[in-house]
**Student:** 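I am attaching a structure below and will ask some questions about it afterwards.
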Amino acid sequence: MLTGLGITAGYQAPVITDVSLTVHPGQTVGLAGPSGSGKSTLARVLALLHKPFAGTVEIDGETVTGFRFRAAQRTRIGVLFQQPRLSVDPRFTLRQAIAEPGGDRVGELADLVMLTDDLLGRRPHEVSDGQLQRACLARALALNPRYLICDEMTTMLDASTTAALVGVIRAYQRESGAGVLAISHDTTLLTRWADETVRLSAPLPR
Amino acid sequence: MTRGQAIGRLALRRLAFAVPVLLVVSFALFVLAKASPFDPIERYFGVRIIGASPERVAQLRANWGVDEPVVSQYWAWLRHAVTGDLGDSLSLQQPVSAVIGDRLGWTVLLVSVGFTLALVLGLLLGTLAAWRQGSWLDRSITGGCYALEAAPVFWVGLAVLYVFALQLRWLPGGGVTTGSEPVSAGGVAAHLVLPVAVLAISQAPWFVLFVRQNLLESFTQDHVIGARARGLPDHLVVSGHALRTSLLPFLTLLGARLPELITGALLVETVFSWPGIARATVEAALNVDFALLGALTVMATGVVLVGNLLADVLYALADPRVALDG
Amino acid sequence: MADLTWRSAPRSRLTAASPPRSPKWRLLPSAIVLGVVALVVLVVPLFAELNEQYVDLAIANQPPSTAHLFGTDELGRDVLLRCVYALRVSLTVGVVAAVISAVAGTAVGALAGSIGGWFDRILMRVVDAIASVPHLLLGIVIVAILRPSLSAVIISIALTHWLTAARIVRSEVLSLRTRPFIDAAIAGGASRTQVLTRHLLPNVAPQVLLATTLMVPHAVWHETALSFLGLGLPPHAASIGNMINDAQRSLLIGGWWMSLAPGLLLIITTLAVSGLSGVWRDRLNPKRRTELTW
Amino acid sequence: MVNLEIDRVSVRFALKGATVEAVNDVSLRIRPGECVALVGESGCGKTVLASALLGFLPGNAETSGSARLGEIDLLAATDHELATTVRGRRIGLIPQSPASHLTPVRTARSQLEEAARILGGDARQAAERAGLLPEHLDRYPHELSGGMAQRVANALALVGNPPLLIADEPTTGLDRDLVDGLLDEFRRLVDDGHAVLLITHDLAAAHRVADRIAVMYAGRIVEAGPAHEVLDASKHPYSRGLANALPERDFLPIPGQPPLLTDLPAGCAFAPRCDQATAICEDRPVLTDDPHAVACHRPC
Amino acid sequence: MRRALLLAVVLLAGCSSPDGSTTGPATSIVIGAGSEPENLNPVLGYAPDGAAKIFDGLVSRDASLALKPALAQELPTASADGLTWTAKLRKDITFSDGSPLTADDVVFTYRSVVDKKVNSTIASRFDALAGVVAKDPATVEFTLSYPYAPFAQQLALGIVPAARLTGTDINSAPFNTAPVGTGPYTVETWRKGDRMVLKANEKYWGGAPAIKSVTVVFVPDDNARATRMAAGEFDGTVLPPKLAQTYRDRSGYKIVRNPSADYRGLGIPSELPFTSSPQVRRAINLGINRQAMIDAVLAGSGKPASTPISPYLKDWYDEKTAFTFDVAEAEKLLDEAGWRKGADGKRAKDGQAAKLPVLYPAPDVLRKELALAAASDIAKLGIDAPVEATTFDIMLQRRKEAASVWGGGDPYDPDTAAYTLLHSKYAGQDGYVNMTLYKNSTVDTALDTARRSLDPATRKQAYHDFQEAYAADPGWAFLVFLDHTYVVRDRWNGQETQVEPHDHGLVHAVWWNLERWTPKP
């Protein structure tokens, strides 16, 4: 169980205040809400990439004590970002990107996300957003995470690629029993994808 | 807090930062100067050091307090400096304030006209080169700029001096007045042309290339494409949109460019025997003139800091996006 | 579809340039010049030993001739041979100073950028403070303390130029740190060191190397300026700055060849260095219009 | 009011060692009072087509064919002609990420008034029509909310009263209610007699607002016809696959990957991914000349 | 764009032709000076040898350097024992502020010079001075602690008005930059580092000068001065000989070469094992081609130097002691001294290489060129002579192991040129005295005798003995006496050549007698 309890987080000022959220293993939780409502901030907290001002994150009963480099539970959570182009080191080929977390399963993962050998040898600027996002998904799955956080993963993608990636994630979920937090402003998508959907309300006007 | 107040606070914060910087810089210079092999006493004696009896030299040292610990020399200097008394320049035998007062105007004249000219040149030529990108005009401008950047400013100064003052005899070759003429606006203007031109063309290439590069980059940016899509004529797109944003980084870099400008002025003043502060600076450095060197360096540093502050304030005024709490 | 008639898209002054024509027009001359300079600087001394302090007053002030291609100077020294040695010295100063600056600057910048916080603030304030003192003035003071010599000049340049590298590295590291791919690497379990060595430094390295090459001409220029003011290398040593300084007087009495040769050589060499680094910079900065073409 | 007649337009780019065939032989007509959506996944060439119409292609691009807007051929016109007679006056652009298409150091008002002055439009009226309040106009682009920025972009696109609007991926990254609002706005514009070319990868948005949909794949239009027919009764396997991939439908992907534009197959570009493909697909299919046109040897 | 063009036009229009072909009577002159005085106070060291423009001394010199009375009615005379010197003042003299000159002013001036609290750079010259008193308002009496023959030469020092300086700190008195004197000119303005304007003293006791206004522009850099002279800014300036040569054929200008006692010489360390032997030092002296230096480095403007006594000190100079360039003799001497050439052409003795580092002060171009030329000649003898650029204090620190190019000298009396330089009592002392640690008892005796005797014949003989002893055991390799070269517009009469000392800026130089110049009709 991935749980955020009473999370208050932000940068200079809090973006989200006292938010709680739970993702059970095998479950897909949708997180919706308008721009600026703090979806991404919450995602980063739950992905252990951003230290909240207050509140705790628990993973399978363990309370997380450190964030970013200090997170012991680091590899139990995989993340996918909104803009695949910014999420891959521009110097890396897709193969290197997928191999980065230390997996030797590049071939297997590439098959999983349907990337051909030809594409694996390319660098980010030589492939489309969709292909790059496939590589990012492969990378996120490389360490067999217990939970996968998809932060606006499909924004840049067309319907077919979206469906393909969701399909891959679902297959992984079936196989591993992982929990998924799917963040999107596309309620239609979440209705179809998630088991349940949580809405963050719009931020207070500044 | 309004934006104006925020900018005010930014200015105050930067000014507060300036004080320790100035202290550190001035003290470091005192220490460095102390470690230098140049002996102000020897400088004072000049050629008469040969034959001067050792006791007399030692006596003079004591009279001057040259051999006191550097900290107490520094402290004495600082105590007086705060009250506006910058002490006496050993190398020029004058109160430092008089040394600076006599020269500052000339340097400010040279630097401000030169800088303005460099800016105008930079903006015009940079915009022109970007506008005619790839044309022979662009290539000659950029080529010329690269060449000028590669040429040492004093070499350019000498070449200009040789051609315009010595061979063609169009313009005076140095100083601010010709012979015993009184200082007059026309005379100074004539004497100003060559040094200003050299200072400007030594500084301009950097601005030209910067403006050109930034403009070219801005041409690919969304807001410029957006302006074009609206049907604005090219000149408006450039002046109202592309330049407006591509010159923003320019503003902060103006501040960063000040030390270079001062360096350039130092060499130009040397070549053209301009009676400004730069020559006194070289003199002071060569003679380890604590009082003068400290005052001049602290002043130069202060100018740079104020320049940076101004640039930042301008930036904050020009770019509404800039965050003021950094 | 062979019958299609193609026309170029309308050209606007504001359209991004077509991808730079093959950079050969800059690459080739630059490479040739640098190659020749390197060859000459490395090979000539093997054949013609230069005794830097040897003068032959009997052949002073000779204009260029077959015996002395660039003429002789006021003391009867061959200008060409001195240029070769001068270039060697100037380039040595430039390269060594640039490398020292780059290494020191990278270390400081990387530390400031990756540790951040108060450490970064204090370090950068120090950098700002040093940067506030005009370089040449600081260089003058440093040389004055250490006494004019090759190492003093190098140290003076390194001490004033590492700031550039530090700032570049720091700002690059700071901007890289906020990129999602760093987050992605952390999410993939990368340690701080791995992020630094696998992502931050490799991505900064080209910028640093570029800055280093661009620092070489600047360092050479700094050396010549110091020599011009009489604070560079020992005045009798062959260096570009000294030669131009010496040649000033000759210029006034018509000896144009003594300043022309070293000046032009310096300009051409630094142009070649910046030409090469320009080509390199273009390659580093792909700005490929991927959005349109893919 | 005139039609936009896109006739056999191709666009290619010369790259080092390769040619990108971004748009191939595309023909399309857009009439006043009609919204045509050009749909396809990212990289299929639809944005290149829009850039070609506005004269915004990079310098290494070449075009063939024609795109007539009344008496003017957009592809043959010089940039000066485009700037002085077409952009803003005959074609308005509604960009993706409207805030970034505004110059960040100037207020919305100054940019709107500038455009109005040049185009002879009425800034106040355009702002009102776009639903902007005067105080919104005094903000800088970064101070505008997403919805406000979109309205400013609309006002700017409309201030010169152009008959044709090109909207390039206007919905990407917007919240659903903003998307809906924007699409409603488009509908109103179309009903007012504007022609709208909507370029999007969002099939649902296209379906919601467009009268006709053209589906693009690998630089070609593979199917074009009335919106509901293209979506609900697709003739081309790709369109059908795309429709089926929608989350509200089957939510199933089309297998495989699109071909590289530098390396298009000689025949049907979709054949390698098509379950219906046979030997005949080695030949390039031609777009039929129907109200519901398709380029497929074996249409569904 | 239009505005920028306009600006350029305005700037260009603003500049008139700088050709400077001034019209009208030449009652003003613009001088480009190579050095600027630190101050204008004779007490602190301004113009101790006269030609001070603003001040007069008790005595002054004519073109042949002969002393003549100035503020004194007649040349001061010494008592028979040489310990008391008396000067009678003229009675009609006033300072430029109108106050009369009295003996008190003279007493004040000399007492201040030797006052330990005053930072005078010339106090050492008055080493012998024990006291000075005013016998009456017009008589001054100097008492010396030992007989000092050239004492009258030191009385050219300018006299300051005591009233202006009594009770002030002389070291920082405003007087130092805005002085009051009895001289032919008064200071109108002095912008330090730039220029000084002098106005004629219409009430000058020697008659009002014809040149009413003198502008002295201080430009230390030779090239800058040459440029500005060429641009027509100056009426006269001092230039290195080579630069002065460019005016050879220019009408309206004349080149003036003033001979001087200003020597440049290589001080050879007598404590360095290699150069400790007189033979080696003689060999070095013989191996140096002084005439080549004069021809190439000085463009012919100089005289070879062998001893510190200038050939222009005709009464004292002994031409027989001159070293002639003779490489063979030099090689022979070195061989004899045991420093023999090895296979590589380098000399060594007992496994020790013959090595003599040559130092010069870095910023001094002339000394650099002389050092290189000398070192090249020395190297040709098979001696390793590495040249190093350094500073004066390092040259002093390394005086026991390296040769350095020093300079100095004045033409007034051999004593000032030679005594502190070569007398063994200064060897090893701090400061710039006897830098080579030269010790030769014959030389010591000769110098002492000459200094203390008032009899010209005795002195002449003593200096003759000195030169002979020195030439046999040279502690230096004196290289050249420089001619100081000037370029002056040919618009004035009255310019006379005078042998110059080392100093030549505003004082001495071609305009040493400026007050007597008259415009050409």
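Quick note: numbers below take in every heavy atom, side chains included, and nothing from hydrogens, waters or symmetry partners. Keep in mind it's a predicted model, so treat the numbers as computed, not measured. Below, chain A is the first sequence line, B the second, and so on; all start at residue 1.
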**Student:** Output every pair passing ring-ring contact (aromatic ring centres under 6.0 Å, His included) with a member in residues 175-216 of chain C, not counting sequence neighbours, ordered by first then second residue.
**Tutor:**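 Pairs touching residues 175-216 of chain C that pass the test: Phe92(A)-His199(C), Phe181(C)-His199(C).
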
**Student:** With only heavy atoms counted, which part of Thr78(D) is less than 4.5 Å from chain C, the side chain, the backbone, both or neither?
**Tutor:**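 Only the backbone of Thr78(D) comes within 4.5 Å of chain C.
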
**Student:** Counting heavy-atom pairs closer than 4.5 Å to chain C, which one of His80(D), Glu62(D), Glu81(D), Arg12(D) comes out on top?
**Tutor:**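 Between His80(D), Glu62(D), Glu81(D), Arg12(D), the count favours Arg12(D).
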
**Student:** Between Arg7(C) and Ser64(D), is any side-chain donor less than 3.5 angstrom from a side-chain acceptor?
**Tutor:**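 Looking only at side-chain atoms, Ser64(D) and Arg7(C) do not form any donor-acceptor pair under 3.5 Å.
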
**Student:** Under 4.5 Å from any heavy atom of chain C, what part of Leu82(D) do you find: side chain, backbone, both or neither?
**Tutor:**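 Interface part for Leu82(D): side chain.
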
**Student:** By a 4.5 Å heavy-atom criterion (distance strictly below it), what part of Ala83(D) contacts chain C: side chain, backbone, both, or neither?
**Tutor:**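 It is neither, since no heavy atom gets under 4.5 Å.
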
